[in-house]
Amino acid sequence: MATHGDHPDLPASVDALLTEQVSTLFLKAGCLPRTKAGHISELRLGEVEGIDEAWETPQMSELMDAFRDLVDANDDRSDCFLEIDRKGCQVIQLGDLRITMAWPPFADAHEITIVRPVARLEIEAYDLDQRLIDRLSDHHRGVFISGRPGSGKTTLAQAIAGHLDRNVGAMVKTMEAPRDLQLADRITQYAPLEGDLEKTAEIIFLVRPDFVIFDEVRRARDFEIFADVRLAGVGLLGVTHANSALEAVQRLIGKVELGLVSQVLDTIIHIEQGQIAQVLELKMTVKPPSGMQEELARPVIEVCTFPDGQVTHEMFAFGQEIAVVPVGGPQGHESPMRKLAKAQLAHTIRQWVGVECTIDFTSDVTATVYAPQHMVAPLIGKGGENVRQLQDELGGLRLTIESFADMPDHLSRPSRADARDAWIDQQDRRARNSRAWEDDGRPRRPAKGKGGKRGKRNR
C-alpha cells in the first residue's frame with residue numbers, strides 16, 4: 001500500500017498548492033482554492049495566498065482527466081487505483097493521496113478534494129500506558145477509535161496496526177472503504193467485495209487473521225458486521241466518528257442486543273487533535289442500577305475510565321428502552337436515575353392514555369402518579385390490572401395513582417398538559433373545596449310524598 005509522502009508526479013498547478021503543512025486541498029469551480037494547513041492540533045482553513053483568480057469549470061474538468069490518466073499510467077502500482085466510480089463522483093487513491101472528484105448533477109459544480117496524511121506515527125509516539133498497550137495486543141478484544149473528522153483517528157489506527165504486525169507478530173487484515181490506510185506491504189487491505197462489506201467479512205474468516213482493522217464504521221449495517229466479526233473470535237479494531245467516547249458506545253445500542261454489547265466492544269479510545277483524550281472500558285455485571293434497591297437487580301453494563309476503573313455511566317434495560325445513566329451527581333439534587341425513571345414513566349403513561357402526568361418518587365421503589373381526575377380510573381384499571389401491568393413493565397416499581405387535585409403544592413403540573421384536562425381538574429378541585437347545601441348543617445326539608453304536612457295532605 002501507499003508509503004507516506006509517496007505519490008506520482010502531480011500536475012504543476014496542484015503540486016504548487018500542496019506545501020509541506022497542507023493536509024487538505026479544496027478546489028471548486030468559481031471559487032478560490034482553499035487549504036487546511038498546520039499541525040493536527042490546530043488546523044487552519046483559509047484561502048491560498050497569492051492566488052486571486054477562481055478556478056473555472058474547464059480547468060477543473062481538465063484536472064480531473066489528468067488524475068484519471070495518472071491512475072492508468074501507474075496501473076503497475078498497488079497504491080494507484082480508482083476506488084469508487086459512481087454517477088457524478090469518483091474517488092481515486094494516488095499513492096498516499098485520496099482524491100475525491102464530484103460534478104453535476106451530484107454536486108452543484110465541479111469540485112476536487114485532495115486529502116493526504118501529514119504525519120506517520122508509531123505507537124511509541126503516543127506515550128500510552130503499558131496496560132493499554134497490553135490490552136490492544138490481546139486478540140480477544142473489541143476496540144473502537146472514536147473522534148471527529150480530521151482528529152487523527154486513522155493515524156492512530158495505522159500506529160496500532162503497525163505495532164500488532166511488527167511487535168506482536170500478529171496476522172493483520174483491514175476492511176476499508178475507501179482503502180487509504182498506510183500500512184506495511186504484508187498487511188492486506190480489503191475493499192467491499194462486490195460493493196458489500198458483509199461479503200468481505202466472509203472472506204476475512206477464511207484467511208484466518210488475528211486482528212482486523214475496520215475503517216469507517218458508520219452505517220447501521222457496519223455496526224452489525226462489526227459485531228458478527230467480533231463474536232467470531234477475531235480481534236477487532238473499528239474506527240468511527242463520534243463527539244465523545246460515550247457517544248461511540250451509544251451508536252452501537254440498538255444494533256446489538258444489550259447483553260452482547262460488552263462482548264462486542266470492551267474498549268473505546270477517543271482522540272482529539274491527534275492526542276488520546278479518554279479511554280473507556282465496558283464491563284457486564286448483574287446488580288441493581290445505582291439508586292435502585294436489591295430486588296430490582298438486572299444485567300448492567302458499567303462504563304468505566306481506563307485504567308483506574310472509575311464507573312462513569314451505567315447501561316441497562318428500563319421498560320422497553322435502553323437507559324444510559326450517569327453515575328453520581330451533585331448533592332442536594334435529584335439523582336439522574338430518578339430523572340430518567342420519571343421521564344420514562346411519564347412517557348409510558350402518555351403512550352397508554354394520551355395525557356401528561358406528574359411523577360413523585362417517595363422512595364427508590366415507590367412513586368405516586370398524579371394525573372387528571374377523569375383518567376385515574378383508566379390508569380388503575382379493573383381490579384388494579386393496568387397499574388400492575390405498568391409496575392411489571394418498569395421493573396417492579398410500586399405505584400400509587402392520584403389526581404392533580406391531591407397533588408402537593410411543591411409539585412407542578414406538566415407544562416404540556418392540555419387545556420381540557422386543566423378545565424376538568426379545575427372543576428373537580430372546586431367541587432372538592434365547596435360544600436353542597438345538603439351538608440351545610442341545616443335541617444333537611446322532607447320531599448313531597450315522603451312525609452311531613454305536605455305529604456299528609458296529598459294522601
Side-chain angles (χ1 to χ4, degrees), residues 1-2 23-24 36 40 79 81-86 89-94 96-102 113-121 136 142-162 164 172-183 187-204 209 211-230 234-245 247-256 264-265 267-272 274:
M1 191 51 194
S23 63
T24 311
K36 273 189 179 180
I40 193 171
D79 59 356
F81 49 87
L82 178 63
E83 181 74 57
I84 297 174
D85 186 8
R86 295 174 183 165
C89 180
Q90 288 180 328
V91 178
I92 289 173
Q93 192 69 37
L94 203 60
D96 68 334
L97 304 178
R98 186 178 71 232
I99 304 172
T100 303
M101 304 185 299
T113 304
I114 303 176
V115 179
R116 71 170 184 181
V118 294
R120 172 70 181 273
L121 302 178
L136 294 173
V143 181
F144 264 169
I145 297 176
S146 67
R148 301 179 182 87
S151 59
K153 302 184 300 297
T154 298
T155 303
L156 176 58
Q158 291 171 169
I160 294 174
L164 296 173
V172 181
K173 308 291 183 182
T174 76
M175 298 167 57
E176 304 174 60
R179 292 167 293 178
D180 60 353
L181 292 175
Q182 298 177 35
L183 303 170
I187 298 178
T188 304
Q189 297 173 257
Y190 294 110
L193 181 60
E194 298 180 351
D196 190 348
L197 276 173
E198 186 174 7
K199 295 180 179 179
T200 303
E202 293 174 359
I203 301 301
I204 286 273
F211 287 91
V212 174
I213 310 296
F214 191 165
D215 195 22
E216 300 295 342
V217 183
R218 292 190 304 269
R219 297 166 296 183
R221 187 57 186 148
D222 293 340
F223 287 94
E224 293 171 358
I225 294 171
F226 183 95
D228 290 340
V229 175
R230 176 68 199 99
V234 178
L236 189 57
L237 186 148
V239 179
T240 189
H241 291 91
N243 290 318
S244 67
E247 287 186 19
V249 180
Q250 291 174 310
R251 294 192 67 180
L252 195 62
I253 296 175
K255 288 88 172 180
V256 178
V264 170
L265 177 68
T267 307
I268 307 94
I269 302 173
H270 186 68
I271 190 165
E272 293 182 359

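Note that the numbering runs from 1 along the sequence shown for the chain.
Atom CG of L97 is separated from atom CD1 of I92 by 11.0 Å, given to the nearest 0.5 angstrom. Between atom CD of residue E247 and atom OG of residue S146 there is a gap of 9.0 Å, rounded to the nearest 0.5 Å. E194 CD to T200 OG1: the interatomic distance, rounded to the nearest 0.5 Å, is 9.5 Å. The line from CZ of R98 to CD1 of I84 is 9.0 Å long, rounded to the nearest 0.5 Å. Rounding to the nearest 0.5 angstrom, the gap separating the NZ atom in K153 from the CD atom in E272 is 11.0 Å. Here the OG1-CD1 distance, from T155 to I145, works out to 10.0 Å after rounding to the nearest 0.5 Å.
Side-chain atoms of I160 and L237, non-hydrogen and from C-beta on, do get closer than 4.5 Å to each other. Using a 4.5 Å heavy-atom cutoff, the side chains of T24 and I114 are not in contact. Between H241 and P149, the closest side-chain pair of non-hydrogen atoms falls below 4.5 Å. The side-chain heavy atoms of D222 and L197, taken from C-beta on, include a pair separated by under 4.5 Å. At a threshold of 4.5 Å between non-hydrogen side-chain atoms, the residues I225 and M175 count as touching. The shortest distance between side-chain heavy atoms of Q182 and D96 falls below 4.5 Å. Between R179 and Q93, every side-chain heavy-atom pair lies at or beyond the 4.5 Å cut-off. V172 places a side-chain heavy atom less than 4.5 Å from the side chain of I213.
Counting all heavy atoms, side chain and backbone alike, A161 lies closest to I187 at O-CD1, 4.1 Å. Looking at every heavy atom in both residues, P192 comes nearest to A177 through CG-CB, 3.6 Å. Scanning both residues, K173 and P209, for their nearest heavy atoms gives CG-CB, 3.7 Å. Taking both residues in full, the closest heavy atoms of V217 and G238 are given as CG2-CA, 4.2 Å, listed atom of the first, atom of the second, then distance. Minimum heavy-atom separation, R148 to N243: NE-OD1, 3.4 Å. When all heavy atoms of L265 and G142 are compared, the pair lying nearest together is CD1-O, 3.6 Å.
Checked by atom type, the side-chain pair E176/Q189 shows a donor-acceptor distance below 3.5 Å.
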Audit row: V212, I204, side-chain contact (heavy atoms from CB on, under 4.5 Å) steps and yes/no: CA-CA 8 Å; V212 174; I204 286 273; 3.7 Å; yes

Worked check of side-chain contact (heavy atoms from CB on, under 4.5 Å) between V234 and F211: CA-CA 6 Å; V234 178; F211 287 91; 5.8 Å; no

Derivation of the side-chain contact (heavy atoms from CB on, under 4.5 Å) call for F81 and E83: CA-CA 6 Å; F81 49 87; E83 181 74 57; 2.8 Å; yes

Candidate pair R251 and T240, rule side chain to side chain donor-acceptor pair (under 3.5 Å), full reasoning: CA-CA 9 Å; R251 294 192 67 180; T240 189; 3.1 Å; yes

Steps toward side-chain contact (heavy atoms from CB on, under 4.5 Å) verdict (D85, L82): CA-CA 7 Å; D85 186 8; L82 178 63; 3.7 Å; yes

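The neighbour count for K255 NZ, taken as heavy atoms of other residues, nucleotides or ligands under 6.0 Å away, is above 12. Other residues, nucleotides and ligands contribute over 12 non-hydrogen atoms within 6.0 Å of the CZ atom of R221.
Ring-plane geometry between F223 and F144 is classed as perpendicular, the angle between the planes exceeding 60 degrees on a 0 to 90 degree scale with a lower cut at 30.
Checked options L121, L181, D215; the residue passing with Q158 is L181 (criterion: side-chain contact (heavy atoms from CB on, under 4.5 Å)).
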